[in-house]
Enquirer: 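My structure is below; once you've seen it, I'll send some questions.
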Amino acid sequence: MEKSKQHLSEEDDYHLQSFFPKTLSRKIEPLIEHRVKLLMKDDVTFNAGEMETINTRCIISGKLKGAKMNMFLIPAENMFGLSLLSSGFVSCDYRGRILLKLGNFSESKIMVQKGSLCAYLVLTPYSLEM
């Protein structure tokens, strides 16, 4: 694979299914969680007191083959003064682009560039089989 194709450009979307290992040992499976960075798709300006639903570059287009995962949205460490209003559980049946609701509760305008980290999608494996 060419070096330029190994890394995402700022414009590319990424499909979650292409990033996961085939199988994990049953002994360590409950101890692992995957944290996927959710990057902003577009430049967005948040006026004071404004809330916006924004597009991320992450798309879930099908089931993760052989994986049984719980999914949660959590805020990034540095949110530029914004609050993540859509944190919490994501249905395992969800398909499509990950959308986030962000709010600016400060008194100043906040401009965020595309490609900026705005949240994480945390995936934790589970299995009911023994």
Side-chain angles (χ1 to χ4, degrees):
M1 185 180 261
E2 291 179 26
K3 198 170 204 172
S4 63
K5 291 184 181 179
Q6 289 177 354
H7 300 289
L8 291 172
S9 75
E10 281 190 29
E11 306 298 322
D12 292 339
D13 290 330
Y14 51 93
H15 293 265
L16 201 54
Q17 292 78 355
S18 63
F19 291 102
F20 283 90
K22 302 291 182 212
T23 58
L24 295 171
S25 165
R26 294 240 181 230
K27 292 179 183 176
I28 65 167
E29 189 176 77
L31 305 175
I32 294 175
E33 68 181 21
H34 305 279
R35 192 170 77 163
V36 179
K37 291 180 179 180
L38 297 177
L39 307 176
M40 295 189 72
K41 177 85 172 150
D42 304 303
D43 294 333
V44 181
T45 300
F46 294 86
N47 294 315
E50 185 177 63
M51 292 177 277
E52 290 248 358
T53 300
I54 58 111
N55 291 319
T56 68
R57 291 176 29 201
C58 182
I59 298 171
I60 301 174
S61 56
K63 290 208 180 269
L64 300 174
K65 294 179 184 174
K68 296 178 180 178
M69 301 268 188
N70 288 317
M71 298 188 290
F72 302 91
L73 292 172
I74 62 170
E77 294 86 8
N78 180 7
M79 291 283 295
F80 320 103
L82 298 173
S83 296
L84 177 64
L85 304 175
S86 55
S87 62
F89 179 76
V90 177
S91 171
C92 61
D93 295 327
Y94 180 79
R95 300 293 174 265
R97 183 175 304 277
I98 301 289
L99 304 174
L100 299 174
K101 189 168 187 178
L102 301 176
N104 175 8
F105 298 112
S106 70
E107 294 181 9
S108 58
K109 183 190 295 190
I110 298 173
M111 296 171 34
V112 185
Q113 295 179 339
K114 65 182 172 185
S116 297
L117 175 63
C118 51
Y120 294 102
L121 179 65
V122 178
L123 297 107
T124 56
Y126 72 90
S127 177
L128 297 178
E129 299 168 9
M130 299 301 262

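What you are looking at is a predicted structure, and each value in this text was computed from that prediction instead of being measured.
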Enquirer: Let me know which of E50, E52, M79, M51 forms a side chain to side chain contact (heavy atoms under 4.5 Å, CB included) with L102.
Expert: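 When E50, E52, M79, M51 are each tested with L102, the side chain to side chain contact (heavy atoms under 4.5 Å, CB included) holds only for M79.
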Enquirer: Would you check if C118 and T56 make a side-chain contact, meaning some heavy-atom pair closer than 4.5 Å?
Expert: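 Yes - at least one pair of side-chain heavy atoms lies under 4.5 Å apart.
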Enquirer: Checking side chain to side chain contact (heavy atoms under 4.5 Å, CB included) between R57 and each of D42, L39, I98, which is the one that passes?
Expert: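 Only one of D42, L39, I98 forms a side chain to side chain contact (heavy atoms under 4.5 Å, CB included) with R57, namely L39.
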Enquirer: Any non-hydrogen side-chain atom of N55 less than 4.5 Å from a side-chain atom of L99?
Expert: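 Answer yes - side chains close enough.
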Enquirer: Could you state the interatomic distance from CG (L121) to CG (L38), rounded to the nearest 0.5 Å?
Expert: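 Rounded to the nearest 0.5 Å, the CG-CG separation comes out at 5.5 Å.
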Enquirer: Hey, any chance Y94 and L73 share a hydrophobic cluster, counting ILVMFWY side chains that come within less than 4.5 Å of each other, even indirectly?
Expert: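 Yes; tracing contacts between hydrophobic side chains, which count when under 4.5 Å, links both residues.
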Enquirer: Looking only at heavy atoms, which two atoms of L85 and F105 are closest? And how far apart?
Expert: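 Of all heavy-atom pairs spanning L85 and F105, the closest is CD2-CE1, 3.9 Å.
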Enquirer: Using 0.5 Å steps for rounding, measure from the CG atom of L82 to the CG atom of L100.
Expert: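 Answer rounded to 0.5 Å: 11.0 Å.
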Enquirer: Identify the heavy atoms of I74 and L84 that sit nearest to each other, and give their distance.
Expert: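 Shortest heavy-atom contact: C-CD2, 3.5 Å.
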Enquirer: Among residues at least two apart in sequence or on other chains, which ones pass side chain to side chain donor-acceptor pair (under 3.5 Å) with N104?
Expert: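 N104: side chain to side chain donor-acceptor pair (under 3.5 Å) contacts with S106.
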Enquirer: Which pair of non-hydrogen atoms, one from R97 and one from K41, has the smallest distance, and what is that distance?
Expert: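 Reported closest heavy-atom pair: NH1-CD, 3.7 Å.
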Enquirer: Minimum heavy-atom separation for S116 to Q113, with atom names?
Expert: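 In this case the closest contact between S116 and Q113 is OG-O, 2.7 Å.
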Enquirer: What distance do M111 atom CE and T45 atom OG1 have between them, rounded to the nearest 0.5 Å?
Expert: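 Rounded to the nearest 0.5 Å, the CE-OG1 separation comes out at 5.0 Å.
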Enquirer: Write down the atom of F72, the atom of N70, and the distance for their closest heavy-atom approach.
Expert: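 Nearest pair, atom of F72 first, then N70: CE1-CB, 3.6 Å.
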Enquirer: Apply side chain to side chain donor-acceptor pair (under 3.5 Å) to E77 and list each qualifying residue two or more places apart in sequence or on a separate chain.
Expert: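 Only R35, Y120 meet the side chain to side chain donor-acceptor pair (under 3.5 Å) criterion with E77.
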Enquirer: How many angstroms lie between atom CD1 of I60 and atom OG of S91, to the nearest 0.5 angstrom?
Expert: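 Here the rounded value is 9.5 Å.
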